Amino acid sequence: MTRENPSPSNRLLRVDEALARVLERAQPRKPCRLEFTEALQHVLAESVRADIDSPPFDKSLVDGYAVSISDVRTLPATLTVAAEVTAGNLPMVGAGEGRTIRVMTGAPIPAGTDAVVMIEETELLPGPTPMVRIGSRQVVAGQNIMRRAFSYVKDQELLRAGKLLQPADIGLLAETGHAEPLVQPRVRVAILSTGDELVPASARIAAGQIRNSNGPMLQAQVTAAGGVAVPLGIARDEAAALEQAILQGLQSDMLLISGGVSAGVLDLVPQTLQRLGVQQVFHKVNLKPGKPLWFGLLLGTDANKLVFGLPGNPVSSLVCFELFVVPAMMAMMQRAWKRPCLQAELIDPFQQRGDRPTFFPGRVEPNGTRWQVKLLDWRGSADLRTLTEANCLVHFPAGEQKYAGGSPVEVYLLGPLPGDCSLSVAGDELTLA
Ligand code: AMP
Ligand code: MG
């Protein structure tokens, strides 16, 4: 087993250094075959080729009459209706020389015909032998016919490996008979909340207790990021209970543990993980909120397991998830992903203090063709309520600095943008569309 490099000296890792250490270890999962009905929002792991021409035969695009162009040079023309072909059936008789065949949308084009006249441009004439009168609009060879292989030809690549499957792709997989495409599986992420003070959301709280908000919030974050959340409930701050729950969590691709990674006497998570063979990659990042973040790796024969010890304070936990867990999940699912960032103007002034970069909850909105961002009245790492009003985190780099109103700042988007706003991507820049 290789030992993980400890960070040099006592200097805290920068966010970008910590992220690089996470990404180095976030290996893609082994591709698997899934039923195509389950494959939506998965990354395709092999290219998909056509096994047939499409359409597989010349077909009618409308309900109407298949005619030979030579029968309708002079209009109006009256033709004998020799047969009727519905979609899914083959024409048993030919046409031409004064005979037409009624065809329905999707029906194969009968031999001897080279155009279809829409039913609306015809008139059926009653009588013992059905006749049809073709009106006055000129008939052009090939009209209303979709030729064989017009859409794609056999063996053509239709979907390339690496594509994130959308509903139309699922339809195309069905059309081409790819019932079990090879895809990157969703990452399974186990979530364990630790703390003697925690009770489930459904419980009444006694003195000194709080409800477990991180567990359900992380579960929602995992789902929103396209993973499969495996909730493990609450573990007490006690070695045996923690060990048992962690062992269960290590069955998943990734384990998120909230709480117990700071400097308290009952912060047992790092030592328990290491006792179970999870190697520490780093502990603590120069970041606000989220400094106590712990990250480690369990080497496995099949795949390595990533373990994050997230700080217990809900906002710290949420920010660490956004900054580190989302990119790791995306890499493990082979998703082409880039953090959605914007340049915005600060509405109010801000004083950045201390030597930690800060991710401050804000609300970004359009102002003409530019973005402006309002910093929320945030009461610190335990203040989850204010986060419910945020749609972004405003990044203030480390170091004392006074930001005047109107200063440009970098904004990390957390979710959908307000109202009717949409973004366009030009190069690496996201701008208001
Ligand atoms: P810890 O990191 O365990 O020292 O926890 C830091 C703070 O976060 C404490 O105030 C905890 O009560 C709180 N906390 C820890 N876990 C959770 C959780 N799952 N839900 C809500 N708050 C939590
Ligand atoms: Mg705790």
Side-chain angles (χ1 to χ4, degrees), residues 12-23 221 224-225 284-291 293 310-311 313 315-331 335-381 383-384 386-419 421-433:
L12 288 185
L13 283 181
R14 293 194 314 263
V15 170
D16 62 315
E17 292 171 323
L19 180 60
R21 292 187 185 200
V22 169
L23 290 177
Q221 284 181 290
K284 298 199 172 92
V285 178
N286 195 30
L287 167 66
K288 186 179 168 185
K291 179 175 161 194
L293 178 68
L310 302 170
N313 269 313
V315 181
S316 313
S317 167
L318 181 142
V319 168
C320 287
F321 186 96
E322 289 295 329
L323 294 185
F324 302 100
V325 181
V326 171
M329 288 177 65
M330 295 299 160
R335 294 217 193 170
W337 177 85
K338 203 160 175 277
R339 180 179 305 293
C341 286
L342 295 173
Q343 288 286 323
E345 282 173 8
L346 265 187
I347 293 179
D348 303 311
F350 180 74
Q351 174 67 51
Q352 164 70 325
R353 292 185 197 286
D355 57 1
R356 280 196 281 159
T358 306
F359 290 85
F360 204 101
R363 199 149 179 94
V364 65
E365 52 196 39
N367 177 16
T369 56
R370 304 223 283 256
W371 293 101
Q372 61 180 20
V373 63
K374 177 153 192 59
L375 297 178
L376 297 173
D377 180 20
W378 183 39
R379 319 270 163 100
S381 312
D383 176 18
L384 191 54
T386 299
L387 254 284
T388 64
E389 288 176 11
N391 64 1
C392 69
L393 297 169
V394 184
H395 177 209
F396 295 104
E400 297 277 331
Q401 196 181 330
K402 204 174 162 73
Y403 290 82
S407 302
V409 286
E410 187 187 30
V411 153
Y412 288 28
L413 296 178
L414 287 177
L417 287 162
C421 301
S422 62
L423 292 171
S424 68
V425 185
D428 274 356
E429 291 280 299
L430 284 169
T431 46
L432 257 180

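Because the structure is predicted, anything quoted here is derived from the model rather than measured.
- The ring-ring contact (aromatic ring centres under 6.0 Å, His included) search around Phe321 returns none, not counting sequence neighbours.
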Below 3.5 Å, can you tabulate the donor-acceptor pairs from side chains in residues 400-408 to any protein atom, sequence neighbours excluded?
from	atom 1	to	atom 2	distance (Å)
Glu400	OE2	Gly354	N	3.2
Ser407	OG	Ala404	N	3.1
Ser407	OG	Ala404	O	2.5

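- For Thr358, the side chain to side chain contact (heavy atoms under 4.5 Å, CB included) partners are Lys288, Gln352, Phe360, Phe396, not counting sequence neighbours.
- When all heavy atoms are compared, the tightest approach of Trp378 to Ser381 is CZ2-N, 3.9 Å.
- At least one side-chain heavy atom of His395 sits under 4.5 Å from a side-chain heavy atom of Pro357.
- At least one side-chain heavy atom of Leu310 sits less than 4.5 Å from a side-chain heavy atom of Leu293.
- The side chain to side chain contact (heavy atoms under 4.5 Å, CB included) test applied to Glu345 returns Arg370, not counting sequence neighbours.
- A distance of 11.0 Å separates CD of Glu410 from CG of Leu393, quoted to the nearest 0.5 Å.
- Distance check: Arg14 CZ to Asn286 CG gives 9.5 Å after rounding to the nearest 0.5 Å.
- Pairing each heavy atom of Arg339 with each of Glu322, the nearest pair is NH1-O, 3.2 Å.
- Evaluation of the salt bridge (charged side-chain N to carboxylate O under 4.0 Å, His left out) rule for Arg379 yields Asp377 as partners, not counting sequence neighbours.
- Of the inter-residue distances, the one linking Leu13 atom CG with Leu287 atom CG reads 11.0 Å to the nearest 0.5 angstrom.
- Scanning all heavy atoms of the two residues, the minimum distance from Ala18 to Val285 falls at CB-CG2, 3.8 Å.
- Here the side chain of Asp383 pairs a donor or acceptor atom with the backbone of Thr386 at under 3.5 angstrom.
- Interatomic distance, Asn313 CG to Cys320 SG, rounded to the nearest 0.5 Å: 10.5 Å.
- Here the options are Val319, Leu323, Val364, Val394, the test is side-chain contact (heavy atoms from CB on, under 4.5 Å), and the partner is Tyr412; only Leu323 passes.
- Taking each heavy atom of Pro289 and Phe359 in turn, the nearest pair found is CD-O, 3.6 Å.
- At least one side-chain heavy atom of Phe350 sits less than 4.5 Å from a side-chain heavy atom of Leu375.
- With sequence neighbours excluded, the residues forming a salt bridge (charged side-chain N to carboxylate O under 4.0 Å, His left out) with Asp348 are Lys374, listed by chain and number.
- The nearest pair of heavy atoms linking Leu23 to Pro327 is CD2-O, 3.7 Å.
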Apply side-chain contact (heavy atoms from CB on, under 4.5 Å) to residues Val326 and Trp337 and explain how you reach the verdict. CA-CA 10 Å; Val326 171; Trp337 177 85; 3.7 Å; yes
